[in-house]
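Okay, structure first, notes after.
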Amino acid sequence: MCGIFGIEGAPDAANLTYLGLYAQQHRGQESAGIVSWDGEQLHAERGMGKVAEIFDERKLSELPGGRSIGHTRYSTAGSSVIANAQPIVVMTSMGPLGIVHNGNLVSAMATRHELEAAGSIFQTTSDSEVFLHLMATRPHHEVVESLLRVLGDVRGAYSLLLISREGLIAARDPHGFRPLILGELDGQPCFASETCAFDLLEARPLRELDRGEVVVARGDQIESYRLPPVARASRCVFEHVYFSRPDSEVFSDTVAQSRLEMGARLAREAPVEADVVVPVPDSGLYGALGFSRASRTPIELGLIRNHYIGRTFIEPQQSIRHFGVKVKLNPVRELIAGKRIVLVDDSIVRGTTSRKIVNMVREAGATEVHVRITSPPTAFSCVYGIDTPTRSELIASDHSQEEIRRFIRADSLAYLSLEGVLGSVSGSPDSYCTACWSGDYPVPAESHGEPQAELFPLRLEAAGSRA
């Protein structure tokens, strides 16, 4: 789920990277880091917590240079400790390298064991470090050639940025699981997981990297390489359901519009007589708005979220019932009491949080609580970058919809169909990964392949024209 940002050829590259990460803070709050290149060496700063907690003017001033990449982390492979914070920086025979990565490699553990058996010493438990070790074992006088050889052998989801003395390299896996977008700021190339980062910087989004594309930026010049094509695109549709910010454009769709459409389709698929639609903030807001418009049921912000929760909080010694939910959400009783409520959320994972929210709304005086979910039941674990629990912990893996309804104590429960989700986004339905709902994994862990690539030189055009 992590957020990445990079820029090439800007005098204050680290400051711009800081802002690019700040705009993508929603993609990860565990740790963040920035590395810059000043023409002679890499300078790196990493820390645990949010971007604004880690960086200040002094730390940014210690990151000189016109080339920079950054990362904000939500861990899905490797524990949440400073050693696993990114960027990961190493010294190699090709010079210093730094990497940031969004996604999960399904081949990481097997490759790691092979490398360790051959003598590699890993600094982290993150699968992202595998890229660097593989590159170190396959050095080339051009760093991009080494990376291309490596990308031909790894399997899974990756959108990554690599910084070296040669330039800034961006790469997206051949299935296109995670988004990665090319933009330009004052004629200089920049990259981000989401377009909202460009909005903050007043940069211009140019295009999404093609799946399997590797782009090298040197100054205002870019070159594009292509990995061998795969038969199936597998864009993560959960980016539209939950991950991405509503004001971003991802996979050629505005996220807010996709969520509005999901809510509207859910209202048509699972209508219910109710007085008020209440979103579960924040990701349920646009789905609830779409549900409200389509059903002609008023919407009220009946649940308020505390946005100032830090990395840790001290629980009372004498446990408060539902403390974990209460510290994040609180009902507005005047909007809920005596009413039939439709609670709209994006997903149900274990079911325990939904149960607590339903109970909270009932205690606030709701006469009925109907739960509507803008995605299908999450019945399978994701191996491509969503931190879902093991399948045995997913309530939908071995419980029927009626059993889940009884567990969360709702008067009714309905999910948006898979067809409804796929109909809410553009592009062919089979161009999206839906493994967490369908169990159809497009990249099994045992996949293998041969590294190949072709070079297609491009030039970043001046503002006002297309690249």
Side-chain angles (χ1 to χ4, degrees), residues 176-177 179 232-246 248-274 277-297 299 341-349 351 354 369-382 384 386 388 394-397 399-405 408 410-442:
F177 282 102
R232 176 179 174 184
S234 303
R235 299 174 290 176
C236 176
V237 73
F238 216 71
E239 288 281 351
H240 278 279
V241 173
Y242 173 71
F243 284 167
S244 299
R245 237 171 65 169
S248 286
E249 184 177 297
V250 172
F251 305 144
S252 304
D253 283 321
T254 302
V255 176
Q257 189 58 48
S258 298
R259 291 182 187 169
L260 286 168
E261 181 62 22
M262 289 173 195
R265 286 174 180 259
L266 180 57
R268 293 192 290 269
E269 288 185 9
V272 60
E273 289 292 328
V277 175
V278 174
V280 177
D282 287 320
S283 55
L285 178 58
Y286 281 85
L289 186 56
F291 191 103
S292 170
R293 290 174 177 174
S295 65
R296 299 177 183 267
T297 306
I299 186 171
I341 303 297
V342 180
L343 274 178
V344 179
D345 205 354
D346 61 88
S347 59
I348 295 177
V349 182
S354 297
V369 182
H370 303 274
V371 175
R372 295 295 181 267
I373 305 298
T374 57
S375 64
T378 303
F380 299 88
S381 295
C382 177
Y384 309 123
I386 305 176
T388 51
L394 297 170
I395 192 170
S397 67
H399 292 83
S400 68
Q401 184 168 314
E402 174 58 22
E403 288 171 332
I404 298 171
R405 182 199 68 77
I408 67 174
D411 291 285
S412 72
L413 167 66
Y415 295 85
L416 181 60
S417 66
L418 182 57
E419 294 75 18
V421 171
L422 296 175
S424 301
V425 292
S426 63
S428 170
D430 61 6
S431 68
Y432 288 91
C433 176
T434 61
C436 54
W437 306 320
S438 64
D440 179 12
Y441 291 95

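Panel note: side chain Ser417, backbone Gly420; a donor-acceptor pair is recorded below 3.5 Å. Counting only distance, with no hydrogens or angles, the side chain of Ser375 and the backbone of Asp346 share a donor-acceptor pair below 3.5 Å. In this structure a side-chain-to-backbone donor-acceptor pair under 3.5 Å is missing from Arg405 to Ser412. Looking at Ser292, its side chain does come within 3.5 Å of a backbone N or O of Thr297 through a donor-acceptor pair. Side-chain N or O atoms of Asp411 include one that pairs as donor or acceptor with a backbone N or O of Val369 at under 3.5 Å.
The nearest pair of heavy atoms linking Arg372 to Pro271 is NH2-O, 3.9 Å. Of all non-hydrogen atoms in Met262 and Thr374, the two that sit nearest each other are SD-O, 3.9 Å. The two atoms that bring Ser258 and Asp253 nearest to each other are OG-CB, 3.7 Å, heavy atoms only. Looking at every heavy atom in both residues, Ile404 comes nearest to Ala396 through CD1-CA, 3.9 Å. Across every non-hydrogen atom of Phe251 and Phe177, the tightest pair is CZ-O, 3.6 Å. Closest approach of Val280 to Leu343, counting heavy atoms only: CG2-CD2, 4.1 Å.
Between Tyr432 atom OH and Leu418 atom CG the span is 12.5 Å, to the nearest 0.5 Å. Atom NE2 of His240 sits about 7.0 Å away from atom OG of Ser426, to the nearest 0.5 Å.
With contacts defined as side-chain heavy-atom distances shorter than 4.5 Å, the pair Val349/Ile395 does not qualify. A heavy-atom distance below 4.5 Å is found between the side chains of Leu413 and Ile348. Contact annotation: the side chain of Val421 never approaches that of Thr434 to less than 4.5 Å [non-hydrogen atoms, C-beta and beyond]. Using a 4.5 Å heavy-atom threshold, the side chains of Arg232 and Asp430 count as separate. Contact check for Pro279 versus Leu289: no side-chain heavy atoms found under the 4.5 Å cut-off. A heavy-atom distance below 4.5 Å is found between the side chains of Arg293 and Leu260. Considering only heavy atoms from C-beta on, Phe238 stays 4.5 Å or farther from Tyr384 through its side chain.
Taking Arg259 as the reference, nothing meets the side chain to side chain donor-acceptor pair (under 3.5 Å) condition, with sequence neighbours excluded. Residues that satisfy the salt bridge (charged side-chain N to carboxylate O under 4.0 Å, His left out) test with Glu273, not counting sequence neighbours, are absent from this structure. Shown here are the ring pair (Phe, Tyr, Trp, His ring centres under 6.0 Å) partners of Tyr415, two or more places apart in sequence or in another chain: there are none.
Checking each of Glu239, Arg235, Arg245 against Val250 for a side-chain contact (heavy atoms from CB on, under 4.5 Å) leaves exactly one that passes, namely Glu239.
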When you look at Ser283 and Asp345, which way does the side chain to side chain contact (heavy atoms under 4.5 Å, CB included) test go after all the steps? CA-CA 7 Å; Ser283 55; Asp345 205 354; 4.2 Å; yes
